[in-house]
Number of protein chains: 4
Amino acid sequence: MCKKNKPTNQKEMSFIEKARRAQIVECAIETIAEVGYAQASLGQIAKRAKISKGVISYHFANKEELLEQIAIEYYLAWQSYIAPRVEVQKSPKEMLRVYIESNLTFVDENRKHVFAVIEMVSNKITADGKLQFAADHDEVVLLPIENILTQGMQEGVFREFTRPSARVMALTIRNAIDGFTMELMRKPHLDIQEYTRELITIFDASTKK
Amino acid sequence: MCKKNKPTNQKEMSFIEKARRAQIVECAIETIAEVGYAQASLGQIAKRAKISKGVISYHFANKEELLEQIAIEYYLAWQSYIAPRVEVQKSPKEMLRVYIESNLTFVDENRKHVFAVIEMVSNKITADGKLQFAADHDEVVLLPIENILTQGMQEGVFREFTRPSARVMALTIRNAIDGFTMELMRKPHLDIQEYTRELITIFDASTKK
Amino acid sequence: MCKKNKPTNQKEMSFIEKARRAQIVECAIETIAEVGYAQASLGQIAKRAKISKGVISYHFANKEELLEQIAIEYYLAWQSYIAPRVEVQKSPKEMLRVYIESNLTFVDENRKHVFAVIEMVSNKITADGKLQFAADHDEVVLLPIENILTQGMQEGVFREFTRPSARVMALTIRNAIDGFTMELMRKPHLDIQEYTRELITIFDASTKK
Amino acid sequence: MCKKNKPTNQKEMSFIEKARRAQIVECAIETIAEVGYAQASLGQIAKRAKISKGVISYHFANKEELLEQIAIEYYLAWQSYIAPRVEVQKSPKEMLRVYIESNLTFVDENRKHVFAVIEMVSNKITADGKLQFAADHDEVVLLPIENILTQGMQEGVFREFTRPSARVMALTIRNAIDGFTMELMRKPHLDIQEYTRELITIFDASTKK
DNA sequence: AATGAATGAGGTTTCATTCAT
DNA sequence: TATGAATGAAACCTCATTCAT
């Protein structure tokens, strides 16, 4: 029995088990990206994966856990892409530039996955009306950018943002990136370089002292 | 017969008919705002309105028409709120400031309605995979802000944005507003004035020559 | 209150009441003829009549009574067309010829009405599984032809049919006529004269001594 | 995956799948035969089969496919019963006799199935007002009898029928058989042998030179 | 006499989930 | 482990019928 395994005890999973889960998650991502969250039934996902619906239920306690896994994998991939690129920068200004740059590149190179998560964040309102999932998303995603901004303030290279934690500025940058993602979904042939350059210009100007 | 009436022939509706439709739309808005788009079934909406499911079907040809009406009412309310406030301004800089300001105020005063539309835009992926509805939304909503930016460029008070039509800058502003909306849903006690002030600062700086 | 009036006490109806009922029945016939029994909802009928659904319910106790009325009017029209033409004939052979001839002509000249009744007969199975309506139809419709056949037997101009009442022969003739009706519905440009001639030939030969 | 399988690829179905489909089809036939086409909802059929409505949807893409299957099975059974009996006959006259005889016997031995199909043919008017299904039925069912008649004409043992293809004569024979079917439904204790004998007499006389 | 409005049962279909094999 | 089969709730929609006006 592997059901009801929370992600926390994933150490107990066998290699093959992890591989199967990964495969299913991959198919779920593609399905959501292609047909949208609302249409992404387990049946659809199973069909794409060429497995039976039951398999999904076997490996994941329920649909929610599967979706959760998509988010988890996304965050891990995202962090391991962004963090090292940002950290090697010398100045907050450079860090901000690279943050924006690498985010847009990451989106471009992981369109399906990113789109799937965006879809999920948009839709995931839990039954009891809370926005838990989306909130988590924001907290995790917002932190790095807030750190850059705070550091810039402390070093005196950025202007003073509204406190605490330059939240508005951070959110605006995040919204710009997420909004870009959705625009990219609508218009896949967007000129990403142009978009990147302009966004950097915008936020360079708006953080400058 | 009120079914299948396209918005264009809404003149033919009786007063009482319009009132009933308005009431149902109102309940639909509340339902979407509270439980989210995915959970907002006709049953849920009817329950909140304390009417039978059939009543909705009586007044609206189908669910789609009901949702469409929500969007239509939203745009009308939004336009009649924003447009006059922006138009009386003298300079593009002032117009931009008032655009941001009035948008945030509008969101604050119409939380449920705005949230419902945001939810719908996020979810409306038509069966054939296109993003028609969302695309329309963007085009309609993006235009006014693009006009302000273009005017500012021509008058030489704004810097040169990427062409055509300052699309990236406009989108970034829109994303900031929509993102604020979602943040407000998550944290209803947000300090809106502070948020407004900071957003104006941000986009003032990023449009300046 | 006119509801629940059985056809038997139709004497009590006002002139205007009868006219209204007749109008509704007419529209019901057209509707059934055009969209088929299954799709002929009260809504459809009302739309064609350009009245509200409620009017129908006002004049007829329920849908069943309306349909019954269609059948009644049909039988009256049918009888008053066929009977006099058949009765003036001298010999059973001539009566049979005229019966077939006038039936096909009647069908041709009352296509919608006839088709509607055929549709109803095909569909009218009462809830408790009996075929009351269709059975009545047969009894009423079969009688005249049976009389002709019996008379011909007694006069010695027709062969001996299986008794009692030459039922099989009568039914076969009726089936030929009803089957022609449905064929006419499928192929409205049928050559009716040719069809008539051939049917007369067929049943002339099959009744001959 | 068994859904949306057209009859052509039914080879791909597992044995158990075919068995289940057959069982459901069987129950559908019984239901239509007992309560009539109009009342034969999936719910009714499921209830009779003592399964959930979902099972039917699982095995058949939709209601239409289920009904189609009833017709397909009927035609196959009918053809494999009639054809060999007719073909071994020497003369057209004998073929016609056996055609009528075996049709009535087939109806007698497959009352429910035949009745169900008759019901369906009567009711199947497609949404766009055409009689496609019924038309197909007629074409397929009419052909064998037309062939017999044509052959008889060419051999000079039958009289000259109206051309082309002795359509009226063929239709009359078909109508006699279908009409007998409905009469049998209304009066299950009909003397079939008597009926058969008389029908043969009728059509023997009416085809004779 | 007529209407518009409302109802609620019932239709088909989809889907997450369970279970025996 | 994996599967196909089955379930039943819930979705949207249609419709005959009722009722206040």
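So you know, we letter chains A, B, ... as the sequences are listed, proteins then strands, and number each from 1.
Closest to the side chain of E17(B), from the set dA5(E), dT12(E), dA5(F), is dA5(E). Of all nucleotides listed (dA5(E), dT13(E), dA16(E)), dA5(E) comes nearest to the side chain of I16(B). Comparing dT1(F), dT17(F), dT17(E) against the side chain of L42(A) picks out dT17(E) as the nearest.
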Protein-nucleic acid N or O pairs under 3.5 Å, nucleotides 7-9 of chain F:
unit_1 : atom_1 : unit_2 : atom_2 : d
dT7(F) : OP2    : S52(D) : N      : 3.1

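Remark on DNA chain E: of its neighbouring residues A40(D) and Q44(A), the 5'-side contact belongs to A40(D), judged by nearest-heavy-atom nucleotide. Between S41(B) and S41(C), the residue anchored closer to the 5' end of DNA chain F is S41(B), taking for each the nucleotide with the nearest heavy atom.
Summarising the geometry, the separation between CZ on F60(B) and C1' on dA6(E) is reported as 15 Å, rounded to the nearest angstrom. The nearest whole Å value for the distance from the OH atom in Y37(B) to the P atom in dA11(F) is 14 Å. Atom CG of N62(A) is separated from atom C1' of dT17(E) by 10 Å (rounded to the nearest Å). Atom P of nucleotide dT1(F) and atom CZ of R21(A) are separated by 12 Å, given to the nearest angstrom. Whole-Å rounding puts the I45(A) CD1 to dT17(E) P distance at 11 Å. Whole-Å rounding puts the Q23(C) CD to dA1(E) C1' distance at 13 Å. Q39(D) places its CD atom 17 Å from the P atom of dA9(E), with the value rounded to the nearest Å. In this structure, L66(B) atom CG and dC13(F) atom C1' are separated by 14 Å, rounded to whole Å.
Atom OG of residue S41(D) and atom NZ of residue K63(D) lie 6.5 Å apart, to the nearest 0.5 angstrom. Between the CE atom in M120(D) and the CD1 atom in I70(D) there is a gap of 5.5 Å [rounded to 0.5 Å]. Rounded to the nearest 0.5 Å, atoms CD1 (I24(D)) and OG1 (T31(D)) are 11.5 Å apart. A distance of 8.5 Å separates CD in Q23(B) from NE2 in H59(B), rounded to the nearest 0.5 Å. Rounding to the nearest 0.5 angstrom, the gap separating the CZ atom in R48(A) from the CD1 atom in I32(A) is 10.5 Å. In this structure, CD in E26(C) is found 8.0 Å from NZ in K112(C), a value given to the nearest 0.5 Å.
A salt bridge between E65(A) and R21(A) is present, with a side-chain N of the basic residue lying under 4.0 Å from a carboxylate O of the acidic one.
Side-chain atoms of V25(A) and I72(A), non-hydrogen and from C-beta on, never get closer than 4.5 Å to each other. Proximity of I29(A) to Y74(A): side-chain heavy atoms (C-beta onward) are nowhere separated by under 4.5 Å.
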(message) For DNA chain E, please output the secondary structure as dot-bracket, reading 5' to 3'. Pairs are Watson-Crick or G-U wobble, both atom distances under 3.5 Å; mark crossing pairs with [ ], other-strand partners with |, unpaired with a dot.
(response) .||||||||||||||||||||

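Nearest heavy atom pair, residue A46(A) against residue S52(A), reads CB-C, 3.9 Å.
Across all strands, I56(A) comes closer than 4.0 Å to no nucleic acid atom at all (heavy-atom distances).
Within the structure, every side-chain polar atom (N or O) of H59(D) is placed at least 4.0 Å from both OP1 and OP2 of dG4(F).
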